Amino acid sequence: MAEAKRGEDVKSVDVFTAKGLLSTGHLYLDVRTSEEFNTSHIENAINVPYMFKTQEGKVKNPEFLIRISSILKKQDHLVVGCNSGGRSLKACVDLLNEGFEHVTNMERGYSSWVDNGHAGDKDKPSDELKIACKFRP
């Protein structure tokens, strides 16, 4: 039996490297909440929330791996992102432990994507995107 993966087992890249991977066919898995995703997201992103906001605070999505397995193949090349890199790192660990083979975490998440001018959302100023994409319970 394979040893369980941990955070230090996850390959993480900066947003510039992530953008390059996406341009070569990697899929972008956005694990932010639906509300965050609907505000603004990376083009062609797949959204499966890793956590939900509840009255009790943030709780892990119990259907996360089930939903992912129904949408993606374990051989798919994935770049996983959230808002700042925390949830996506945890999601990457879960995906690796579930048998997904090509999982890369986008360091500092969508906030860094926006900060570096990659958002490309012409309808909203980047300051609004940066504020809007923050995860606030």
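For clarity, every value in this text was computed on a predicted model and none was experimentally measured.
In this structure, L78 is not a member of the same hydrophobic cluster as F37, with clusters built from ILVMFWY side-chain heavy atoms closer than 4.5 Å. When the side chains of ILVMFWY residues are joined at heavy-atom separations under 4.5 Å, either directly or via intervening members, I66 and L27 end up in two distinct hydrophobic clusters.
For A91 against F64, the heavy-atom pair with the smallest separation is CB-CZ, 3.8 Å. The nearest pair of heavy atoms linking P49 to N61 is O-ND2, 2.8 Å. Listed here is the closest heavy atom pair of R87 and C82: N-SG, 3.5 Å.
Judged as a salt bridge (Lys or Arg N to Asp or Glu O under 4.0 Å), the pairs with a partner in residues 16-30 (not counting sequence neighbours) are, in order, D30-R32. Within the structure, the salt bridge (Lys or Arg N to Asp or Glu O under 4.0 Å) test picks out the following pairs touching residues 91-106 (sequence neighbours left out): K60-D94.
In this structure, the side chain of D9 engages the main chain of R6 through a donor-acceptor pair within 3.5 Å.
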Would you sort out whether S112 and N116 count as a side chain to side chain donor-acceptor pair (under 3.5 Å), showing the intermediate values?
CA-CA 6 Å; S112 183; N116 285 285; 3.2 Å; yes

Working for side chain to side chain donor-acceptor pair (under 3.5 Å), residues S84 and Y110:
CA-CA 6 Å; S84 60; Y110 189 71; over 6 Å; no

Apply side-chain contact (heavy atoms from CB on, under 4.5 Å) to residues T104 and S12 and explain how you reach the verdict.
CA-CA 6 Å; T104 303; S12 292; over 6 Å; no

Derivation of the side-chain contact (heavy atoms from CB on, under 4.5 Å) call for F16 and H118
CA-CA 9 Å; F16 299 101; H118 298 314; 3.6 Å; yes

Let's go through V79 and L29 carefully: what are the C-alpha distance in whole Å and the side-chain angles of both, what is the deciding distance for side-chain contact (heavy atoms from CB on, under 4.5 Å) to 0.1 Å, and is it a yes or a no?
CA-CA 6 Å; V79 173; L29 174 61; over 6 Å; no

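Atoms NZ and OG, from K53 and S34 in turn, are 10.0 Å apart once rounded to the nearest 0.5 Å. Taking CD of E107 as the reference point, atom NZ of K11 lies at 11.0 Å (rounded to 0.5 Å). The line from NZ of K5 to CD of E3 is 8.0 Å long, rounded to the nearest 0.5 Å.
Residues passing the salt bridge (Lys or Arg N to Asp or Glu O under 4.0 Å) test with E56: none are found, sequence neighbours excluded.
The shortest side-chain heavy-atom distance between V15 and M106 falls under the 4.5 Å cut-off. The shortest distance between side-chain heavy atoms of Y28 and N44 does not fall below 4.5 Å. Annotation: side chain of V80 is in contact with side chain of L95 (closest heavy-atom distance under 4.5 Å). Counting heavy atoms from C-beta outward, F100 and S69 have side chains that approach closer than 4.5 Å. For the pair I46 and I71, the minimum side-chain heavy-atom distance is below 4.5 Å. Put simply, the side chain of V31 does not reach to within 4.5 Å of the side chain of V48, judged on heavy atoms. A 4.5 Å side-chain heavy-atom check between N83 and E36 finds at least one atom pair inside the cut-off. Between V103 and K74, every side-chain heavy-atom pair lies at or beyond the 4.5 Å cut-off.
Ring-plane geometry between H77 and H102 is classed as parallel, the angle between the planes falling under 30 degrees on a 0 to 90 degree scale with a further cut at 60.
Side chains of Y50 and T33: no donor on one and acceptor on the other come within 3.5 Å.
Around atom CD of Q75, more than 12 heavy atoms belonging to other residues, nucleotides or ligands sit under 6.0 Å away.
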